[in-house]
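We count residues from 1, following the sequence as given. Every number for a ligand or one of its atoms is a count from 1 in the order of the listing.
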Amino acid sequence: MVMDHPTIHKPTSFPVAPNLGDWATSRENFDWSSIEGEIDFLPDGRLNVAYEAIDRHVAKGNGAKVAMHWEGKNGEKESYTYDDMRRQTNKFSNVLEGLGVENGERVFTFMERLPEIYFTFFGTLKAGCVIGPLFSAFGPDPVKDRMEASGATVLVTQPELRNKIADILPLLPDLKHIIVVNKGGRSSAPLAEGDLSFEELMAAASDADASLDTTRDSYSVMHFTSGTTGKPKGAVHRHNSVIQQYATGKWALDLHPDDIYWCTADPGWVTGTSYGMIAPWTNGVTQIIYEGGFSARKWYQILQDYNVTVWYTAPTAIRMLMKSGVELPKTFNTPNLRFMASVGEPLNPEGVIWGQEAFGLPFHDNWWQTETGAIMIANYNSMDIKPGSMGRPIPGIEAGIIDADGNPVPDGENGILAARPGWPSMFQVYWNDQERYDSRFKNGWYLTGDEAVRDSDGYFWFVGRSDDVINTAGHLVGPFEVESALLEHPAVAEAGVIGKPDPIAMEVVKAFVSLKDGYEASDELRRELMGFARKKLAAAVAPREIEIVDSLPKTRSGKIMRRLLKARELGLPEGDTSTLEDD
Ligand code: PRX
């Protein structure tokens with residue numbers, strides 16, 4: 001807990017009255033039914049995320065309002081109203097129906113931030129199918145693992161990304177349809193045999209209302225998340241999650257219908273769907289989608305050009321902005337920017353404070369994860385901020401700090417961050433892995449995998465992960481996935497992967513490998529291994545550093561001791577090594 005920064009008191013006046021008032025009062029006697037009254041359930045107890053995000057605004061007479069301003073990486077600009085979104089998503093739902101894709105089947109996207117990913121996402125949900133968005137920077141291995149595990153029957157992608165994974169596509173027996181989006185005719189290559197053209201399918205499809213045959217409990221979104229062991233698991237949500245996604249968009253991001261909102265997260269990760277799609281559109285705002293990557297100047301330009309009022313980003317981006325100086329943002333005009341929030345990694349107190357210097361507004365940190373589906377702990381608009389703290393639980397959420405037996409620990413002491421099960425956006429299963437799902441619950445608590453501490457004012461402070469999962473630039477990387485990729489190289493006998501602290505990305509992936517007999521350590525081999533891993537995985541996931549060692553520390557049962565590798569790397573005490581294999 002770094003409590004050496006003074007509290008930033010909430011403003012005495014706000015340009016727009018905050019949606020959530022006093023923390024304690026708003027939690028008293030809270031009942032989710034109060035917020036459910038703001039959601040438009042469909043007849044016969046049906047509930048559909050896409051209807052809540054899009055169609056209901058049209059039904060209420062707001063169809064002409066712009067839902068999305070899109071800016072492409074080549075400077076293209078497109079805008080879509082809520083009614084455009086309704087028609088496009090109906091069309092995609094009808095495309096799926098026309099292809100005979102049935103309720104509950106998994107439809108995956110492997111696409112950049114194109115408008116079509118949004119049509120596909122909500123169209124899939126309208127058809128009652130499960131949508132699984134994949135990070136477009138992934139290489140073939142992560143795509144194969146995830147599609148194989150989910151049994152996805154449809155893949156919606158774009159030409160250059162399809163090329164990148166061409167070799168693994170024939171290895172997916174469940175995959176029936178590959179739909180290719182050729183945005184603006186960017187690609188002149190013909191479609192591969194058997195592939196379907198997104199544009200042709202959509203042109204031929206009816207925009208008549210979709211069946212919306214889903215209830216609260218129907219599965220909706222599947223995001224893969226990494227653990228310490230084994231391959232990533234598909235955490236599956238249900239349509240009911242929309243209740244908390246709507247509520248937290250309103251409370252923690254303080255969204256009001258007149259807002260112009262920009263979420264910088266990629267739809268391949270949960271922030272990009274819960275807060276880059278569902279929360280903003282259920283709250284009826286206008287959203288900015290920028291296809292391109294990070295550039296400090298371009299990002300400030302977007303804030304200025306689109307008159308952004310609410311901005312949700314991440315600590316690595318904030319640290320990169322900080323690097324380019326506090327003067328640069330002041331050369332842009334962002335008079336209506338009124339709320340800034342951050343998620344995904346610990347936000348250093350300096351980042352919170354830098355926001356104030358650069359924009360006159362602090363960044364509001366909040367905490368949640370793939371499994372929680374929506375924000376659980378937040379610094380919201382009408383709260384005093386303690387820089388370095390993740391904030392306090394939102395109404396309806398009970399968070400706690402517990403010990404290994406599931407018993408609460410006193411305030412001020414480190415423990416496992418836990419939440420009482422039953423929040424509306426709680427994940428329902430890890431796809432085909434009940435054992436792993438069950439292992440996340442103990443003594444009436446859901447175990448988050450994070451360690452934290454609560455202070456006497458009820459603020460939560462992040463301490464670290466309680467497992468070996470690496471958080472690099474806000475992306476969770478499972479060491480096992482990286483080790484498996486390295487082991488496929490003929491020279492590698494053993495691999496152990498850790499997160500190495502980094503001033504910008506928080507952690508970078510570092511791998512230790514030992515070689516098979518007959519291979520000699522050399523700089524050339526090290527570089528070859530780096531290239532090999534990058535091609536299979538993705539630059540964001542592949543090791544930034546590889547060290548070739550004679551042997552790796554292992555337990556007597558042969559498990560590589562990553563914690564020991566990390567302690568050695570950091571020059572820290574090695575802790576309990578009694579189970580270490582004798583060499
Ligand atoms: O370790 C925590 C970290 O990111 C994890 C969740 O990652 P993921 O499932 O990919 O979900 C991303 C959407 C938030 C958490 O278990 N994390 C998230 N927010 C914070 C954080 N660590 C510190 N401070 C945060 N505010």
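- Annotation for ligand 1: atoms under 4.0 Å from non-hydrogen atoms of Asn471 are 3 (C), 4 (O).
- Taking the six-membered ring for Trp and the full ring otherwise, the centers of Phe135 and Phe138 sit less than 6.0 Å from each other.
- Looking at Trp368, Phe462, Phe460, it is Trp368 that brings a heavy atom closest to atom 18 (C) of ligand 1.
- Those atoms of ligand 1 that come under 4.0 Å of a heavy atom in Met390, given as number and element, are 24 (N), 25 (C).
- The heavy atom nearest to atom 12 (C) of ligand 1, out of those in Asn379, Val270, Asp467, is found in Val270.
- We find the OG-CE distance between Ser295 and Met320 to be 10.0 Å, quoted to the nearest 0.5 Å.
- For the pair Glu371 and ligand 1, the shortest N or O to N or O distance does not fall below 3.5 Å.
- One option in Thr271, Val469, Asp450, Leu417 has a heavy atom closer to atom 15 (C) of ligand 1 than any other, and that option is Asp450.
- Atom 25 (C) of ligand 1 has as its closest protein heavy atom Glu345 O, 3.4 Å.
- For Phe427 and Tyr446, the gap between ring centers is short of 6.0 Å.
- Closest to atom 7 (O) of ligand 1, if we only count protein heavy atoms, is Leu476 CD1, 3.4 Å.
- Scanning the protein for heavy atoms near atom 6 (C) of ligand 1, the closest one is Gln369 CB, 3.3 Å.
- Shown in contact with Pro346 at under 4.0 Å from a heavy atom are these atoms of ligand 1, numbered in order with element: 22 (N), 23 (C), 24 (N).
- Taking the six-membered ring where tryptophan is involved, the planes of Tyr290 and Trp262 are perpendicular, since the angle between them exceeds 60° and thus also 30°.
- The CD1 atom of Ile470 sits 7.5 Å away from the NZ atom of Lys566 when rounded to the nearest 0.5 Å.
- Evaluated for a side-chain contact (heavy atoms from CB on, under 4.5 Å) with Trp368, the options Thr248, Ile397, Ile375, Ile377 yield exactly one hit, Ile375.
- At under 3.5 Å, a nitrogen or oxygen of Arg465, whether backbone or side chain, sits near a nitrogen or oxygen of ligand 1.
- Salt-bridge annotation for Lys73 and Glu112: present, with a side-chain N of the basic residue lying under 4.0 Å from a carboxylate O of the acidic one.
- Ring pair Phe441/Tyr437 is tilted by interplanar angle, where 30° to 60° counts as tilted.
- Between Thr225, Asn366, Val343, it is Asn366 that holds the heavy atom closest to atom 26 (N) of ligand 1.
- Looking at Trp269 next to ligand 1, no N or O pair under 3.5 Å apart turns up.
- In this structure, atom 20 (C) of ligand 1 lies nearest to the protein heavy atom Trp367 CD1, 3.5 Å.
- Proximity to Gly344 (heavy-atom distance under 4.0 Å) selects the following atoms of ligand 1: 3 (C), 4 (O), 17 (N), 18 (C), 19 (N), 20 (C), 21 (C).
- You'll find the ring centres of Tyr306 and Trp70 outside the 6.0 Å limit.
- For atom 8 (P) of ligand 1, the closest heavy atom belonging to the protein is Thr370 OG1, 3.4 Å.
- With hydrogens and angles left out, the side-chain atoms of His256 and Arg338 include a donor and acceptor closer than 3.5 Å.
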